[in-house]
Amino acid sequence: MGKLSGIKVVDLTQFLPGPMMTLMMADQGADVLKIEPPAGDPAREQAPFDRGQSVWFRNLNRGKRSLALDLKNDEGRDRLWAEIADADVFVEGFRPGVMGRLGFGYDAVAARNPRIVYCSITAFGQTGALAQHPAHDIAVQALAGFLSVNNAPGEAPVVPGVPAADAAAGLTALSGVLMAVLEAQRTGRGDYLDIAMFDSLLPWCAHIAGSAIMGGEPPRSDNQRSLGGAAFYQVYGTSDGRHVALGGREEKFVRNLLTALGREDLVPFGLAPAGQQDELIAFLRETFSQRTRDEWVVWFADKDVAFSPVLDFREALDQPHVLERGLLRDGQIAPAIRFDDWSPREAPELGGC
């Protein structure tokens, strides 16, 4: 029995934010019914494939049931109403207004099932000037300011490797839904959650955009401690064309590394404000370029410094740490929240219910 056993979720979402949110519920025992269009969630068609299923789809939809419905006809709508009748949670990810036009807006759903928790996940929310603006993760990051600092100092922004807006929305939606479910269990009344990727991502800029939050200048990569302006929060190239990272700016790490390199005289630069460490950055850039990445791994083994080699995903997933913590099994990434031993489950075939 999982922590969410007995909770029924009707899930109309596709791609990333919604499916990840309902996956985390399914992993904890919730009965998640994935409502798909007749052609299925487009993620089903995304390569690569394993045993006839998309690896992407399988990892985000394991343990769910699937029901294919055409909500533009009476039969499909009637079946969805039947599933809503005993549901605890309803999740959708269409543009604002779409569910209302189909007859499944919050007011209509709540009228039939007053205790249901209804969650809409969109790029910019149900209201505001951007509500109808089409966007996936990169566009949300761009409009929220994050893409502007996804760069090396003085260089142009690049496509982000992490879909941070998608991730923030999925986690925010999960938290909000669980809060509302607890209240519904006490009061018998559900609630409506308007979850926006933009809203969910924006609070995560507080550590870098303090000046802008107060109406001042925006952060830049060359003068911000977490974005490239600090020597000990930085990426350095090695002699074999690979990279290493320093990821801790505390004084003890600065002293430990510079002492080991025989350059205690540079410690004041490591303790200086971000943007005033160019001499130290230049020294470390030259130093790291003299050995291969793996030679530096060996060298750092007995040093108390926040250091890491930059690994690709093949190397990352092959680490003993991943095996020891059971984080990858049968081609599936384990849930980060595990109360008991976890075993991978299958994702549903389209309409397999």
Side-chain angles (χ1 to χ4, degrees), residues 8-22 25 32-43 60-61 66-85 87-144 163 165-177 179-181 184 189-202:
K8 178 180 176 181
V9 181
V10 174
D11 175 15
L12 277 70
T13 64
Q14 301 177 18
F15 293 112
L16 277 175
M20 179 60 81
M21 175 255 187
T22 57
M25 299 188 74
V32 178
L33 179 61
K34 183 177 180 68
I35 306 296
E36 302 185 63
D41 183 337
L60 265 68
N61 294 282
S66 170
L67 179 62
L69 296 178
D70 183 351
L71 298 182
K72 295 180 180 179
N73 64 45
D74 291 341
E75 182 181 359
R77 288 192 292 268
D78 289 346
R79 179 60 189 274
L80 181 56
W81 279 124
E83 296 296 344
I84 287 171
D88 300 283
V89 178
F90 182 91
V91 191
E92 62 92 9
F94 296 99
R95 280 201 205 182
V98 170
M99 292 307 295
R101 291 193 293 274
L102 290 171
F104 293 94
Y106 173 66
D107 290 341
V109 170
R112 298 204 187 194
N113 183 347
R115 65 184 180 81
I116 202 162
V117 174
Y118 188 119
C119 178
S120 296
I121 304 175
T122 58
F124 300 105
Q126 302 296 306
T127 60
L130 290 173
Q132 293 295 334
H133 187 69
H136 287 293
D137 179 89
I138 188 173
V140 175
Q141 291 205 44
L143 285 167
D166 284 337
L171 292 168
T172 301
L174 176 67
S175 299
V177 162
M179 293 176 199
V181 166
R189 299 291 303 182
D191 212 332
Y192 177 71
L193 290 89
D194 172 11
I195 302 296
M197 294 161 62
F198 187 94
D199 300 10
S200 301
L201 183 62
L202 205 57

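These values consider heavy atoms only, across backbone and side chains, with no hydrogens, waters or symmetry-generated copies.
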Inset, instruction - With the side chain counted from C-beta on, respond yes when Leu16 and Pro163 share a heavy-atom pair under 4.5 Å apart, and no when they do not. - result: yes
Inset, instruction - Ignoring hydrogens and angles, tell me if any N or O in the side chain of Arg77 forms a donor-acceptor pair with the backbone of Leu71 under 3.5 Å. - result: yes
Inset, instruction - Check whether any side-chain N or O of Asp88 sits under 3.5 Å from a backbone N or O of Lys8 as a donor-acceptor pair, and report yes or no. - result: yes
Inset, instruction - Rounded to the nearest 0.5 Å, what's the gap from CD1 on Ile84 to CZ on Arg112? Could you check? - result: 8.0 Å
Inset, instruction - Can you measure from CG (Leu201) to CD (Gln141) and round to the nearest 0.5 angstrom? - result: 6.0 Å
Legend entry - Minimum side-chain heavy-atom gap Thr122-Pro96 below 4.5 Å: yes
Legend entry - Contact check, side chains of Val109 and Trp81, non-hydrogen atoms, under 4.5 Å: yes
Legend entry - Point-to-point distance, once rounded to the nearest 0.5 Å, from NZ of Lys34 to OG of Ser66: 7.5 Å
Legend entry - Salt-bridge present (Glu83, Arg79; N to O < 4.0 Å): yes
Inset, instruction - Specify the closest pair of heavy atoms between Gly18 and Ile121, including all atoms of both residues, with the distance to one decimal. - result: CA-CD1, 3.8 Å
Inset, instruction - Can you measure from CG (Asp11) to CD (Glu92) and round to the nearest 0.5 angstrom? - result: 10.5 Å
Legend entry - Reported CG-to-OG1 distance for the pair Asn61 and Thr22, which is rounded to 0.5 angstrom: 6.5 Å
Inset, instruction - Could you tell me whether a side-chain N or O of Asp194 sits under 3.5 Å from a main-chain N or O of Gly125, the two making a donor and an acceptor? - result: no
Legend entry - Val140 side chain near Ile138 side chain, heavy-atom distance below 4.5 Å: no
Legend entry - Verdict with reasoning, Met179 to Leu193, per side-chain contact (heavy atoms from CB on, under 4.5 Å): CA-CA 11 Å; Met179 293 176 199; Leu193 290 89; over 6 Å; no
Inset, instruction - First locate atom CE of Met20, then atom CE of Met25, and finally report the distance between them rounded to the nearest 0.5 Å. - result: 14.5 Å
Inset, instruction - Sequence neighbours left out, what passes ring-ring contact (aromatic ring centres under 6.0 Å, His included) with Tyr192? Give chain and number order. - result: Tyr106, Tyr118
Inset, instruction - Answer yes or no: is there a side-chain heavy-atom contact under 4.5 Å between Val10 and Val89? - result: no
Legend entry - Check: Ile195 and Thr172 side chains under 4.5 Å, non-hydrogen atoms: yes
Inset, instruction - Ignoring hydrogens and angles, tell me if any N or O in the side chain of Asp41 forms a donor-acceptor pair with the backbone of Glu36 under 3.5 Å. - result: no
Legend entry - Pro42 side chain near Phe15 side chain, heavy-atom distance below 4.5 Å: yes
Legend entry - Side chain proximity check, His133 to Leu143, heavy atoms < 4.5 angstrom: yes
